[in-house]
Amino acid sequence: MFTTQFLLVFSLLLSLPILFLLAPRIFPPHNPSIPISPSDEQDDLDLFRKATAVAASSSFVTHYPSAHAHFTFKSKKLKIAFLFLTNTDLFFAPLWEQFFKSADKNLFNIYVHADPYSNVTKPKGVFSSQFIRNAKRTYRASPTLISATRRLLATAILDDPTNTFFAVLSQYCIPLHSFKYVYDSLISSKSFDFSSSESGPESTQYNVKIEYKSFVEIISKERRLWKRYVARGRYAMMPEVPFEKFRGGSQFFVITRRHALMVIEDRRLWNKFKQPCYREDECYPEEHYFPTLLSMQDPKGCTKYTLTRVNWTGTRNGHPYTYKASEISPVLIQELRKSNYSSSYLFARKFEPNCLKPLMKIADEVIFQD
Ligand SMILES: *[C@@H]1O[C@H](CO)[C@@H](O)[C@H](O)[C@H]1NC(C)=O
Ligand SMILES: *[C@@H]1O[C@H](CO)[C@@H](O)[C@H](O)[C@H]1NC(C)=O
Ligand SMILES: *[C@@H]1O[C@H](CO)[C@@H](O)[C@H](O)[C@H]1NC(C)=O
């Protein structure tokens, strides 16, 4: 009698750790992370396929450098696609408006992905007709942010074959320089990127750089990386993404057309990263998908750092420090520009919406002065 009870208790106790180990596989995720519907997924797939096909047939920038590229360069200017991802009004639209006002219209395009479930007011001016029609609902810390970014990339690829760099920004981002400075830094400067070995006259032809790199942060040593890796279950990312290949970084980046195509062509990693997490507090797939994919497929083509300054001191709940109106000053702008990796940061986040007024005050004399 006694031994039976003992055995029962003993085996129950023994089964606890086993249950604990297997739980993620047995029980469905309790995380409220909403799965992406099959019809949304299909919409995106159709868009990505179309963009890939069109890109393949108008490949002059994509497969640059090539003889063909040199031939077409003189007649076509390279553009920067500015991709805004938002679920609120674009607080700093007037500042960006001023940024774009000084720019040659042939050197940029704007695309806005606004969550259709949040009532985003379309600002007048350069942003008004740039809201993409296929925008879908987005949730913080979820694969929907990856989808939205890929949707923006695909739309920009489809829209204009001369879109060469793709800069992903949010409603909390501001420019730290004039358009001219941003354009020259990305397209023609030989000294902007400190990590580049390019120097000397042979590195540019027809006044553009021979080789473009993506400015995407890629972090491999970080305290929380393991927790983030196992957030979907211990073996959920295998075999496609072993832990040694898992990376972290900012979801706000500037990538080349070649990499933008790589991102929208990917199915393998997306199938892993789109899975819901078990741990909500460690689930930020948008901070891992892009750096992991690009570092797996083309590490040499990435600078491994971002051009968007962000202040992580005193971070709370996964949010970076948000600057207040009273903190805006010429000194802050100078401070935010300082980078260890390039001549300067080009953008910064995050700012409270009421920073607009003090930012506009110093726009012409400080921000766009360089
Ligand atoms: C958007 O606006 C509509 C009508 O003005 C309102 O019914 C709805 O609740 C609003 N939605 C959000 C998310 O604010
Ligand atoms: C970053 O944020 C902290 C507050 O968390 C602030 O004290 C500091 O001045 C900020 N750094 C910069 C460069 O703005
Ligand atoms: C640059 O590097 C120094 C030394 O490692 C560090 O103290 C500083 O915070 C870095 N600055 C930026 C803007 O990352």
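Here the structure is a predicted model, which means the values were calculated and not measured.
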Sub-4.5 Å side-chain heavy-atom contact between [X] and [Y]:
| X | Y | result |
| --- | --- | --- |
| I328 | F351 | yes |
| L293 | M296 | no |
| H319 | R140 | yes |
| F91 | L356 | no |
| N87 | Q171 | yes |
| S170 | L85 | no |
| F165 | T256 | yes |
| Y284 | S142 | no |

For [Y], is there any backbone N or O sitting under 3.5 Å from a side-chain donor or acceptor partner on [X]?
| X | Y | answer |
| --- | --- | --- |
| S250 | E217 | no |
| R309 | L336 | yes |
| Y229 | F243 | yes |
| D115 | T138 | yes |
| N271 | R267 | yes |
| K272 | A236 | yes |
| T86 | T88 | yes |
| R234 | A231 | no |
| E222 | R224 | yes |

What's the verdict on side-chain contact (heavy atoms from CB on, under 4.5 Å) for L186 and L307, showing C-alpha distance, side-chain angles and the deciding distance? CA-CA 10 Å; L186 294 175; L307 296 177; 3.8 Å; yes

Measure the [atom1]-[atom2] distance between [X] and [Y] for me, rounded to the nearest 0.5 Å.
| X | Y | atom1 | atom2 | result |
| --- | --- | --- | --- | --- |
| T149 | E286 | OG1 | CD | 8.5 Å |
| K136 | I36 | NZ | CD1 | 10.0 Å |
| I157 | I264 | CD1 | CD1 | 4.0 Å |
| K227 | C283 | NZ | SG | 14.5 Å |

Those residues that, when tested against [X], pass side-chain hydrogen bond (donor to acceptor under 3.5 Å, both in side chains) (two or more places apart):
| X | answer |
| --- | --- |
| Y172 | none |
| R151 | D44, H113 |
| N106 | D104 |
| K300 | none |

[X] bridged to [Y] by N-O distance under 4.0 Å:
| X | Y | value |
| --- | --- | --- |
| R228 | E287 | yes |
| K180 | D370 | no |
| K274 | E41 | yes |

Report the residue from L153, L78, N163 that forms a side-chain contact (heavy atoms from CB on, under 4.5 Å) with R257.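 The option that passes is N163.
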
Using a 6.0 Å distance limit plus a 45 degree cone around the ring axis, check whether R137 lies over the aromatic ring of Y117. yes

Show your working on ring-ring contact (aromatic ring centres under 6.0 Å, His included) between H288 and F246 and close with a plain yes or no. CA-CA 7 Å; H288 297 278; F246 188 67; 4.7 Å; yes

Please walk me through it: do S343 and Y181 pass side-chain contact (heavy atoms from CB on, under 4.5 Å)? CA-CA 11 Å; S343 300; Y181 185 97; 3.8 Å; yes

Kindly give the heavy-atom pair with the smallest separation between [X] and [Y], and that separation in Å.
| X | Y | value |
| --- | --- | --- |
| F127 | V112 | CD2-CG2, 3.9 Å |
| S220 | L225 | O-CD2, 3.3 Å |
| P116 | A135 | CG-O, 3.6 Å |
| P358 | A325 | CG-O, 3.8 Å |

Just wondering, more than 12 heavy atoms not from K245 lying within 6.0 Å of its NZ?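 No, not enclosed.
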
Might you confirm whether atom OH of Y341 has over 12 heavy atoms from other residues, nucleotides or ligands at distances under 6.0 Å? no

Verdict with supporting geometry, Q98 and D364, side-chain hydrogen bond (donor to acceptor under 3.5 Å, both in side chains): CA-CA 9 Å; Q98 202 134 324; D364 282 335; 3.2 Å; yes

F192 vs L346, test: side-chain contact (heavy atoms from CB on, under 4.5 Å). Steps then yes/no. CA-CA 11 Å; F192 175 71; L346 300 183; 4.0 Å; yes

Residues in salt bridge (Lys or Arg N to Asp or Glu O under 4.0 Å) contact with [X], at least two apart in sequence or another chain:
| X | value |
| --- | --- |
| K350 | none |
| E97 | none |
| D298 | R258 |
| E327 | none |

Examine the side chains of Y305 and D193 and answer whether a donor and an acceptor come within less than 3.5 Å of each other. yes

May I ask you to check whether Y323 and N311 show a side-chain donor-acceptor distance below 3.5 Å?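 There is such a pair between these side chains.
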
Take W96 and F84 through the ring-ring contact (aromatic ring centres under 6.0 Å, His included) test and state the conclusion after the steps. CA-CA 11 Å; W96 284 106; F84 288 85; 5.2 Å; yes

Just to verify, what does F166 make a ring pair (Phe, Tyr, Trp, His ring centres under 6.0 Å) with, not counting sequence neighbours?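 F166 satisfies ring pair (Phe, Tyr, Trp, His ring centres under 6.0 Å) with no residue once adjacent residues are dropped.
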
Under the ring pair (Phe, Tyr, Trp, His ring centres under 6.0 Å) test, residues paired with F179 that sit two or more places apart: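 For F179, the residues satisfying ring pair (Phe, Tyr, Trp, His ring centres under 6.0 Å) (neighbours in sequence not counted) are F99, F108, Y183.
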
Determine whether Y321 and T315 satisfy the following criterion, side-chain contact (heavy atoms from CB on, under 4.5 Å), listing intermediate values before the conclusion. CA-CA 6 Å; Y321 183 70; T315 169; over 6 Å; no

Residue pairs, two or more places apart or on separate chains, that pass ring-ring contact (aromatic ring centres under 6.0 Å, His included) and touch residues 249-269: F253-F290

Would you mind listing every side chain to side chain donor-acceptor pair (under 3.5 Å) that reaches into residues 123-134, with sequence neighbours excluded? none

